[in-house]
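See below for the structure under consideration.
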Amino acid sequence: MQVNKSNQADDIFGSVKMGYLVIESKKLDEWRRFLKQGIGLHLESEHEAQLAFRMDSHERRLIIQEGGAEDVAAIGLQLRDQATFDLVLTRLTQRKISFEEGTSEEAEQRGVTSFVRVMGPKAVPLELFMDAKISSTPLNMLASGFVTGDSGWGHVAITSRLPEKMQRFWQEIFNARVSDHVSQKVGGAMLDVTFLRLNERHHSVAIAATRGVRLDPIRTKIQHFNMVANRLQDVSGAFERLRDLGFAMAHEIGQHPNDKEVSFYAISPSGFEVELGWDALKVDEATWTQAQYNAISTWGHKPENPSALSGLLVNLGNAGRGLRAAFKSEYSPL
Ligand SMILES: [Fe+2]
């Protein structure tokens, strides 16, 4: 019984959530149009080298900083309390995974009081923080609101050549739980997607891998990130606005079988996809059972360009070039 108790005390499931996302891009004007006029977020601040957006009371949820990567530069993870923070750092230390304190200038840019940076799987910097700065300025958004709170701001989907290691990292460091699996044939290859939750949100991280020979055709560190709006009209409105602004859709509106989310995927100015959805289910831990699905969508999500491959990896504009990119080596901290 003692063992069980101590295991439970060390389980930080529910104490970790998506806090913010940092994107590096040279296309600040396009990102402003995409996120403010298209998705409908609140533009919190705008400088020559940085845009910052809010979707709730947090001063910063999405930060676009000037730079040539056209990729995600960091995922900010909010930890509930000092005990959680200490436990995560202990686990990293035990595995000889190094971490460093962010500078006060970097913390300021991210709207947090301080953070610790660790290089996560696939060389995605993960930034751990506790306290976000809160803004009292009323939100000026085209959307009615976004689902955050205990769920965090959304999720990321990552293609990986080392999916078992990536999953193990999220489980061993953050007590992530497997929600379910989807397998679907995409352009001749079988794609297996594992959905991991850190809290009540059905998934904060989805890991996609080709079965058999592991290929990673995606240029960027994430395949897409997702936000969940409060109302269906927020999703349909953003879809229309993004189209009117000239942004391409990777997938039109459809529904996923596992989290039941109704969503679309637009191609962001940096090339990776951005999913905006509504009505994503929250997991009831008492009754949840893992399922296996054989399609990523129940209906819809059809590619805007019908000549493109159907399925999750439709956005060939973000695909790597040739075999070298598909076989590129992948960093794992474990
Ligand atoms: Fe998604």
Side-chain angles (χ1 to χ4, degrees), residues 17-18 21 23 34-35 38-39 55 61-62 71-72 75 122 124 143 146-148 151-160 163 166-167 170 176-184 186 191-209 216-218 220-230 232 234-235 238-239 242 247-268 270-283 291 293-304 309-315 318:
K17 55 189 179 181
M18 291 292 185
L21 190 67
I23 293 160
F34 186 86
L35 291 177
I39 301 286
M55 60 178 73
R61 284 293 195 180
L62 282 173
D71 203 350
V72 162
I75 296 173
K122 207 178 175 182
V124 178
F146 292 85
V147 177
T148 55
S151 303
W153 62 254
H155 68 244
V156 293
I158 304 179
T159 51
S160 176
M166 188 178 279
Q167 179 176 330
W170 286 96
R177 296 181 182 176
V178 175
S179 291
D180 39 42
H181 305 273
V182 175
S183 297
Q184 183 174 326
V186 178
L191 194 71
D192 294 311
V193 191
T194 300
F195 295 81
L196 299 176
R197 67 184 185 277
L198 301 170
N199 50 56
E200 65 185 11
R201 188 180 286 275
H202 173 276
H203 59 284
S204 294
V205 179
I207 303 171
D216 185 359
I218 299 297
T220 49
K221 291 179 176 175
I222 63 161
Q223 193 274 334
H224 74 263
F225 76 84
N226 155 288
M227 295 170 280
V228 180
N230 280 346
L232 181 58
D234 298 327
V235 175
F239 184 85
L242 285 166
F247 290 104
M249 293 295 154
H251 299 276
E252 296 178 346
I253 291 177
Q255 187 171 27
H256 292 302
N258 52 355
D259 69 352
K260 312 290 187 245
E261 185 171 350
V262 174
S263 67
F264 68 84
Y265 295 72
I267 300 178
S268 78
S270 292
F272 54 80
E273 298 173 13
V274 174
E275 180 185 21
L276 181 67
W278 165 74
D279 203 23
L281 70 73
K282 291 177 182 176
V283 165
Y293 299 90
N294 58 14
I296 199 84
S297 305
T298 314
W299 58 267
H301 284 150
K302 79 177 170 67
E304 188 178 49
L309 291 173
S310 61
L312 183 67
L313 303 181
V314 70
N315 173 14
N318 191 33

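Every number for a ligand or one of its atoms is a count from 1 in the order of the listing. None of these values were measured; they are calculated from a predicted model.
For Arg201 (side chain) and Ser151 (main-chain N/O), a donor-acceptor pair under 3.5 Å exists by modelled atom type. Using a distance-only test at 3.5 Å, with no hydrogens or angles considered, no donor-acceptor pair links the side chain of His301 to the main chain of Tyr265.
Its N, O or S atom nearest to the Fe ion (ligand 1) is what matters here, and for Glu275 that atom is OE1.
Note on His155: counted as a metal contact of the Fe ion (ligand 1), an N/O/S atom lying under 2.8 Å. At least one N/O/S atom of His224, from backbone or side chain, sits under 2.8 Å from the Fe ion (ligand 1).
Each of Glu261, His202, Glu275 was checked for a side chain to side chain donor-acceptor pair (under 3.5 Å) with His256, and the lone residue meeting it is Glu275.
A salt bridge between Lys122 and Asp216 is present, with a side-chain N of the basic residue lying under 4.0 Å from a carboxylate O of the acidic one.
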